[in-house]
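Comments concern the structure below.
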Protein chains: 2
Amino acid sequence: MHPKKQLPSGDSLNTRERILNSAEVLFAEHGFERASLRALTTAAQVNLAAVHYHFGSKAALISAVFERRLAPLNAERLGELDALEKAARGRPLTPAGIIEAFFGPVLRMSMDQGSGGHRFIRLLGRAHAESRPAIRELLESAYVEVVERFRAALYRALPQMPEKELAWRMHFMLGAMSYVIAGTDAVQLIASYEVRKSEHPESVMKRIVPFLVAGLTAPLPDAGAAKTRRIEPHIRSRGEPRSARGAERRIERKAA
Amino acid sequence: MHPKKQLPSGDSLNTRERILNSAEVLFAEHGFERASLRALTTAAQVNLAAVHYHFGSKAALISAVFERRLAPLNAERLGELDALEKAARGRPLTPAGIIEAFFGPVLRMSMDQGSGGHRFIRLLGRAHAESRPAIRELLESAYVEVVERFRAALYRALPQMPEKELAWRMHFMLGAMSYVIAGTDAVQLIASYEVRKSEHPESVMKRIVPFLVAGLTAPLPDAGAAKTRRIEPHIRSRGEPRSARGAERRIERKAA
DNA sequence: AAGGAATTCAAACAGCCGTTTGAATCATAC
DNA sequence: GTATGATTCAAACGGCTGTTTGAATTCCTT
C-alpha cells in the first residue's frame, strides 16, 4: 500500500504534480469538501486511485498542496526580514518595512499567474477561514516560526505597545489581508468587478500597507479614563519614502 | 408538498425554530457542507423530513437561518446611522462614529449568549469566506443597502478620499472584522487561548475601532511621486471622547 | 363529534463520496 | 529476456448525502 518512492521514475513525478496542480485549482475554486477526488483526478487526467497511491488519502493530499507552496513563501518572508535586520544593524525596524516583508511575498505570489501561485494564494485565504482541526494545525505549524519572528520584530519596532495589544493588531492585520487574498469579496464593495480583477498586486500593496501601518500604530484605546496617559501627537515629516511614512511610533506601552 | 403555512399552528413554529437553532449551531461549528441534515434534525429532535416540509431544501434552510438574524442586525445598523445623522444635523459624521455604527451591532450580537446571537456571528464570519454563489448572493442582497448607506456616510466624512480608495479601505475593514468574528483564528497569535475567549466584545470593540479608524484615515499612498500633493498634518485635540479621537480627516481626495 | 388540513414519521431512493482491491502495465536491473 | 518492483487501471465497497414518498398522526374548524 502506497510504498515510499525509491526512485522518482520519470513520469510518476508528473502525475504527482498533475494531481497537486489540479487539487490546488479545485480546492481554491470549490473548497476542500466540494472538490471531489473524482473531479480532481479527471481534471488531472490521472486515475482515481493515483491519489491514494501517491499521497495516501485526501487529507494527506491537502497537506501536500500546502507544503509545496508554504515552505518557500515563509522562507522568502524570513529572508526579507533577515535582510531588513541586517541593514538596520541592530536598530529597530520600521513597522512599514516589517509589514511589507510579511505581506509582500504573498501579494507577489498572488500575481504569479504563470506557475499558478495566485491560485494557491486564493486557496490560502480559504484555508484561513477553515475550521477543521487538521487544516488549522497545518497552518499553525507552518506559521509558528514566522509569526514569532515578525511579532518579535514588531515588538521591538513599537516599544510603547503592550504585548497583548500587539497580538490583537497582528490579528486584525492578518484578517484584512486574508480577506483580500481570499478574493471571495462577500460584499461587492468595488463597483466594477473588472476594475477589481485588473488591480495589480503592487497597487493593492500600495493601498493596504498604509492602511495596516496606520492601524498598527494607532493610538491605544483607553483602558479607562483614569488610567489614560497622554498620547504624543503624531508628527509627520515630509519627503520620506512612501513605505516609511505613517510608521512613526505614536504608541505607548502600558505600564507593567 | 411543503404547503404555505396558513396558520402557524402552535407546535409547528416550535419545530421550525428548533431546526433553525440547531442549524445555526451546526453550520457555525462545522460549515454548511459538513453539517448534515441528519445530524441537524437529530440535534433538534425533529424528524429528518421536517426540514423539507418546513423549508423545502437545505439551501432554503441556510437562507432562512441568515434571514432570521440579518434583517434585525442591519436594521440596527441603519438605525444607529440614522441617529448619528439626525444628531449631526447635516454636518458630516466622524469616521469613528460611522465605524461604530457598522460594527457595534455585530460585536454586541456576538456577546449575546442568551439568544444565541454569538453563534450566528461565527456563522456570519464563516459565510464571508464562502464561495458558493447562493451564499454570496444571499449576503450581497442582505448587505447592498446597508453598505451603500455607510459608504455614502464615509464618503461625506472623508471628503479628501477618492471613491476607489474608500472602497478598498472598506474592504480591508470588513476583512479585519470578519476574520475576528469568524473566530477561526487560523494563526494562534494570542498566547493564551483562555485570555482570548474571555475577552468581552466591548473590549474587542475598544481595540478594533481605533485600529480601523486609523487605517481608514491613513495618508493616501502616492499614486506616483510627481502627482503627490502635500498631506495636511494630523492635529489631535485632547479630551475628546475616545471614539472620536484619531478620526479627523487627514486625507486628500485625488483630483478628478 | 366529524371532517379536513397541517404536521410528523419511518422508510426508502438515487447518487456521490473516499477508499480499497487485485490484476494489468510499465520501467528498470540483472 | 527475465525477474522485480513501481505505477496505472477499472471496478467495486460501504457509507453518507439530500430528497421523496405515502401512510400515520395531530390539530383546528365546523
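Side-chain atoms are counted along with the backbone in the values below, which use heavy atoms only and exclude waters and symmetry mates. Naming convention: chains lettered A, B, ... in sequence-line order (proteins, then strands); numbering from 1 in each chain.
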(message) Between B:T15 and C:dT7, is there a contact of a side-chain N or O with OP1 or OP2 at under 4.0 Å?
(response) no

(message) Below 4.0 angstrom, which residues in residues 27-50 of chain B have at least one non-hydrogen atom near DNA chain C?
(response) B:R38, B:N47, B:A49

(request) Using atom CG of B:L26 as one end and atom C1' of D:dT17 as the other, report the distance to the nearest whole Å. (result) 15 Å

(message) In whole Å, I'd like the distance from the NE2 atom of A:H54 to the C1' atom of C:dG18.
(response) 17 Å

(message) Between P on D:dT7 and OH on A:Y53, what's the gap in Å once rounded to a whole number?
(response) 4 Å

(message) OP1 or OP2 of D:dT21 versus the side-chain N and O atoms of B:H52: is any pair under 4.0 Å?
(response) no

(message) From CD1 of B:I62 over to P of D:dT17, roughly how many Å is that when rounded to an integer?
(response) 14 Å

(request) Nearest whole angstrom, please: distance from the P of C:dT8 to the CZ of B:F55. (result) 11 Å

(request) For A:E76, enumerate each residue passing the salt bridge (charged side-chain N to carboxylate O under 4.0 Å, His left out) test, keeping only those at least two apart in sequence or located in another chain. (result) A:R108

(message) Under a plain distance cut-off of 3.5 Å, with no hydrogens placed, do B:H54 and B:T15 share a side-chain donor-acceptor pair?
(response) yes

(message) The criterion is side chain to side chain contact (heavy atoms under 4.5 Å, CB included); which residues satisfy it with B:N21, sequence neighbours excluded?
(response) B:R68

(request) Name all pairs fulfilling the side chain to side chain donor-acceptor pair (under 3.5 Å) condition that reach into residues 25-41 of chain B, sequence neighbours left out, sorted by first residue then second. (result) A:E33-B:R34, A:R34-B:E33, B:E33-B:R132

(message) Going by salt bridge (charged side-chain N to carboxylate O under 4.0 Å, His left out), name the residues that satisfy it together with A:R149, two or more places apart in sequence or in a different chain.
(response) A:D82, A:E85

(message) Suppose we screen for ring pair (Phe, Tyr, Trp, His ring centres under 6.0 Å). Which residues come up paired with A:F150, at least two apart in sequence or across chains?
(response) A:F102

